[in-house]
Amino acid sequence: MNTERNDAPAASNFIRNIIDDDNRTGKWGQRVETRFPPEPNGYLHIGHAKSICLNFGVARSYGGVCHLRFDDTNPEKESVEYVDSIIESVRWLGFEWTKDGNEQLYFASDYYDKLYEFAELLIQRGKAYVDSQSAEEMRANRGSATEVGTPSRFRERSVEENLDLFRRMKAGEFKEGEHVLRAKIDMSAPNFNMRDPVIYRIRFAHHYRTGDTWCVYPMYDYTHCISDALENITHSLCTLEFEDHRPLYDWILNELAEAGIFTRPLPQQIEFSRLNLTYAITSKRKLLQLVSEGHVDGWDDPRLPTIVGVRRRGFTPESIQLFCERIGITKVDSWIDMSVFEGALRDDLDAKAPRTAAVLDPVKLIIDNFPEGVTEPCSAPVHPHHPERGVREFPISRELWIERDDYNETPPKGYFRLFPGNKVRLRYGYVIECIGADKDENGNVVAVHCNYFPDSKSGTEGANNYKVKGNIHWVSVAAACPAEVRIYDRLFKEAQPDAGGRDFLEALNPDSKRVVNAYLEQGAQDALPEQRYQFERHGYFVADRVDSKPGKPVFNRIVSLRDSWGKPA
Ligand code: ATP
Ligand code: MG
């Protein structure tokens, strides 16, 4: 159990150290403004949660603000559906983007006019040119790691010609690919990103926000740094693959500062390692494939590491924040084991979740010496460590549901549960002694028989006279509430399903979803959607937020308990 995390100071990391230094030198005054910049071309996943917790978390703890900015400059792949889902997911994770009561919600596409204007300015200052090489020529002339690039034969066009061509590109006079606008930097730079990168291309594509207004669209590298500067971002945190792009980020902002557009200091890009989680896929493209080919039941399938998926699975925002705190922020790429994620959920819910009994694979237990038609009340704490949360009450009677594997006619060594002649405690009830079982013609157990000891009831003095090693849960047949329970397991059988470019579909776990008809302790049938419980001895479960209805519950298993079976309570 973790009781300290809410008031514990955020763990230090190299990014906080940079901010602390900046605050010491007064580089930004004491201002800290970050941004989370998703492209609305898919649903957010657990990797994004790391970036969200970092960006919003840093802003929050320094009294700053984190902008939510949609980096939407790829018209073909983006949509409002994704925007809406991203907004909902970030909110659900527990973050907001307001400053002095004003929403700090931005769209890179709102900067199209400015971005275009700055591109013309770069042309006028001799820092950009229209290139009319074919894509193949451009590729061939880029050079290699050992060879410098070859300047395009269009590189020395005059400012007038460049401006004229760029304006005509914008006016739709050319076909896609006929011309591009390139920054004029250095064709022999060791860093490829500096070999005159393309900053604008022609696309006759409908944009979900700007419609058909534009047929030239800015490239990511050009857009991102300018968006940061326009929004007065101080620290622009991104993943390591952008490290090689940082010189370009700085070059563009520096050129625009030289031109008098931006004032210094300019936003600083800082890279951190991305989250790789075992048994999960965190590539939007591959997630899309899992959804569109029907390997899972939609974006919010509880087996997916999408934020909507882990939410539906039953993970809490607090458990995700705790997970992100625990994995920390470094510059070293590594894999985090799924058990760390699951552990954070257990540590969050252990203290919160009410306990209840649920029999997931029911078989009948008949107490032969218990009078028919009689019920007797039993009670148990709602939470074993929080007596103030009260008790739950449920009846015991002659016929109960127990787990099928709590009976074993030929028990292996160390099996302490039901077999003929053995005694166990019915949790919060009586000690019973097993007699045997009825079987059908195929040898399947249809009912287990036992006798109970009337002076052994939990909570009475006699209880202590019985020493038994097994302790099993149960629900009374008469009071049990039937429920559909979805037992989810990891989606992949292998820790790194897509390692080395392998076909990740081959690693799909065929047993990742099992649906059972369970019996729940009375009370759980009224669970509201997203209400969570610990089903004793089984793990943590949540009432499905889509399909569960009070009176007709559907539960998802979030995670099992670490040590589930056979432990006396
Ligand atoms: P794409 O391949 O579509 O670019 P992406 O995962 O980079 O996918 P973005 O929407 O561009 O998606 O990401 C938004 C932010 O989340 C970026 O700053 C990105 O660096 C960060 N991010 C994405 N994936 C991870 C991850 N696995 N770990 C940490 N941060 C991530
Ligand atoms: Mg990206």
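First listed ligand is number 1; within each ligand, the first listed atom is number 1.
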| field | Closest contact, heavy atoms only, Glu78 versus Thr73 | value | OE2-N, 3.3 Å

| Under 6.0 Å from the six-membered ring centre of Tyr217 and within 45° of its axis: does the NZ or CZ of Arg201 meet both? | no

| task | Ignoring angles and geometry beyond distance, decide whether Glu241 reaches within less than 3.5 Å of ligand 1 through its nitrogen or oxygen atoms. | result | no

| field | Proximity of Arg285 to ligand 1 by residue part, where a heavy atom lies under 4.0 Å | value | neither

| What do we get for Arg274 next to ligand 1 when only non-hydrogen atoms under 4.0 Å count, side chain, backbone, both or neither? | both

| field | Carboxylate-amine/guanidinium proximity below 4.0 Å for Asp544 and Arg312 | value | yes

| request: Apply side-chain hydrogen bond (donor to acceptor under 3.5 Å, both in side chains) to the pair Tyr208 and Asp72, showing each step before the final yes or no. | output: CA-CA 9 Å; Tyr208 77 103; Asp72 54 353; 2.8 Å; yes

| task | Pull out every atom of ligand 1 sitting under 4.0 Å from any heavy atom of Thr239, numbered as shown with elements. | result | 19 (C), 20 (O), 29 (C), 30 (N), 31 (C)

| said: Taking the basic N atoms (NZ, or NE/NH1/NH2) and the acidic carboxylate oxygens, is any pair closer than 4.0 Å for Asp196 and Arg182? | reply: no

| field | Quiz item: cation-pi between Arg195 and Phe192, 6.0 Å / 45° | value | yes

| Per-atom contacts of ligand 1 with Ser51, taking only distances under 4.0 Å to non-hydrogen atoms | 16 (O), 21 (C), 30 (N)

| query | What pairs of residues pass the salt bridge (Lys or Arg N to Asp or Glu O under 4.0 Å) test when at least one of them lies in residues 258-267, not counting sequence neighbours? | reply | Glu258-Arg264

| task | Select the closest option to atom 28 (N) of ligand 1 among Leu275, Leu240, Ile46, judged by heavy-atom distance. | result | Leu275

| note | Closest to atom 22 (N) of ligand 1 by heavy-atom distance, out of Lys284, Glu271, His48, Arg35, is His48

| query | Heavy atom under 4.0 Å from ligand 1: found in Asp71's side chain, backbone, both, or neither? | reply | neither

| request: Have a look at ligand 1 and work out which part of Ser283, if any, has a heavy atom under 4.0 Å from it: side chain, backbone, both or neither. | output: neither

| Taking the six-membered ring of Tyr116 as reference, does the NZ or CZ atom of Lys170 fall below 6.0 Å from its centre and within a 45° cone about the axis? | yes

| message | Only heavy atoms of Glu39, strictly under 4.0 Å: list the atoms of ligand 1 that pass. | response | 9 (P), 10 (O)

| task | Flag Cys238 as yes when one of its N or O atoms lies below 3.5 Å from any N or O atom of ligand 1, and as no otherwise. | result | no

